[in-house]
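As the structure is a prediction and not an experimental result, all values here were calculated from the model. Ligands are counted one by one from 1 in listed order, and the atoms in each one are counted from 1 as well.
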Amino acid sequence: MRRALLLSCLCLTAVVYGQKFEGLAPTPPMGWNTWNTFGCDITEALIKETADAMIANGMQAAGYNYVVIDDCWESKQRDSQGNLVADPAKFPNGMKAVGDYLHSKGFRFGIHNCAGTRTCADYPGGRGHEYQDARTYASWGVDYLKYDWCNHGTANAQETYKTMRDALYAAGRPVVFALCEWGNNKPWEWGKEIGHLWRISGDIMDCYDCQGVYSTGWKYTLAADVGLEKYAGPDHWNDPDMMEVGNAGLSLAESRAHFTLWCMVAAPLIAGNDVRKMSPEIHDILTDKEVIAIDQDPLGKQGYQFMTHPSKEIWAKELSNGEWAVCFFNTGTEPLPLRISWSHLSFLSGPYQVRDVWQKKELGRTDTGEEFKVTVPSHDVVLVKLTPIK
Ligand code: GLA
């Protein structure tokens, strides 16, 4: 009897603790995050206006359903009971009110904190308060937690993120857990059991190929994803960081290429521009259903770099139903005239129908013996989808 009791206690412990919420991210999460454009300059009004804009401009309908409030939403100190509190000037009605608003509009509510003692912008971090904070998030209706890695001291990354995973699970409200550990401890090797996505690099910057100390242009955060494709799949995604699409440091071509390549590597599509006032061209990039479908393909395979030359890269992504997406990326500064012999793409088998996904144009078949000729502008892409001909 005592043994049976002990066993059932152990089983219960295993159920209550020690797992992530399964099935929350069968395809890469999509949404919007405050950080890339607004940094610490965030308010309840901004969140509401953004959510309203995402409904009006079709982003929500295109699949962007998480609205994530990044660093700087908190007061500088916890309250006398150790609870996290919202900054009363920025969020005068508290965070539950923000969550209620988002939920009433059909969105899911995301929030940021940090596994260290303080966040990167020096607000209270979660260390030592994991279970208490997880209950707070549950009471606010939080659906997505981005968990950062500043001020972690000597903490072990895997153990620290595991603690928060268990705390979220114990609090009982399903939460997508986004590990933001910057790839320091190879989270692709252990993150699958802990979270639904993990950053693989330092921060993205609003530029194509610039380099700072902790942040770089998207070309380099993408480069960090090369070779990591085998670690990604439904419910566990590599995250080359939130998008800079539409921000001032990128040309239109660079925004289009950035978006396309994020879709090719099955990246979480978290927009980081001011979606209340984007140009029609950027709107059309972010909401292109055919390109998004490549990211969100249910097979859940991350695309890979098939070939790289000094100014040319070819990326391939296997899709369901035997289809493939192929992206020709001009990394150089001059227009790139391409002549592609389909037979050189060794991952293909049999004849395919070819469609130019951005141009919305059928390009014919792969088995005509003719080369595919196209000129790719500098820092731009040509994206084709290949559908097998039965
Ligand atoms: C880190 C993260 C960023 C952002 C900032 C906020 O740098 O990597 O994405 O959350 O913190 O301070």
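- Ring-plane geometry between His103 and Phe109 is classed as perpendicular, the angle between the planes exceeding 60 degrees on a 0 to 90 degree scale with a lower cut at 30.
- The cationic atom of Lys76 (NZ for Lys, CZ for Arg) lies less than 6.0 Å from the six-membered ring centre of Tyr123 and within 45° of the ring axis.
- Applying the ring-ring contact (aromatic ring centres under 6.0 Å, His included) test to Tyr137 and every residue at least two apart in sequence or in another chain returns nothing.
- Under 4.0 Å from ligand 1, the heavy atoms of Cys180 that appear belong solely to its side chain.
- Heavy-atom proximity to His112, at under 4.0 Å, picks out these atoms of ligand 1: 10 (O).
- Regarding atom 12 (O) of ligand 1, its nearest protein heavy-atom neighbour is Asp71 OD2, 2.7 Å.
- Residue-level proximity to ligand 1 for Asp148 is carried by the side chain, the only part with a heavy atom below 4.0 angstrom.
- Heavy atoms of Thr119 come nearer than 4.0 angstrom to ligand 1 in no pair at all.
- Residue contacts with ligand 1 include Trp182, since one of its heavy atoms falls under 4.0 Å from the ligand.
- Each of the atoms 1 (C), 11 (O), 12 (O) of ligand 1 lies under 4.0 Å from some heavy atom of Cys120.
- In this structure, Trp324 and Phe347 have tilted ring planes: the angle between them lies in the 30° to 60° band.
- No path of Ile, Leu, Val, Met, Phe, Trp and Tyr side chains, each step under 4.5 Å between heavy atoms, connects Met264 with Tyr352, placing them in separate hydrophobic clusters.
- Here the heavy atom of the protein found nearest to atom 4 (C) of ligand 1 is Asp70 OD1, 3.5 Å.
- Among all protein heavy atoms, the one lying closest to atom 8 (O) of ligand 1 is Asp203 OD1, 2.5 Å.
- The cationic atom of Lys48 (NZ for Lys, CZ for Arg) lies less than 6.0 Å from the six-membered ring centre of Tyr101 and within 45° of the ring axis.
- The contact set between ligand 1 and Trp35, taken as ligand atoms under 4.0 Å from a residue heavy atom, comprises 4 (C), 5 (C), 6 (C), 12 (O).
- Close contacts between ligand 1 and Lys146 involve ligand atoms 3 (C), 4 (C), 9 (O), 10 (O) [criterion: under 4.0 Å to a heavy atom].
- Here's the thing with Asp241: none of its N/O atoms is less than 3.5 angstrom from an N/O atom of ligand 1.
- Contacts of His129 classified as ring-ring contact (aromatic ring centres under 6.0 Å, His included), with partners at least two apart in sequence or in another chain: none.
- Note: Phe329 CZ to His379 NE2 = 7.0 Å, rounded to the nearest 0.5 Å.
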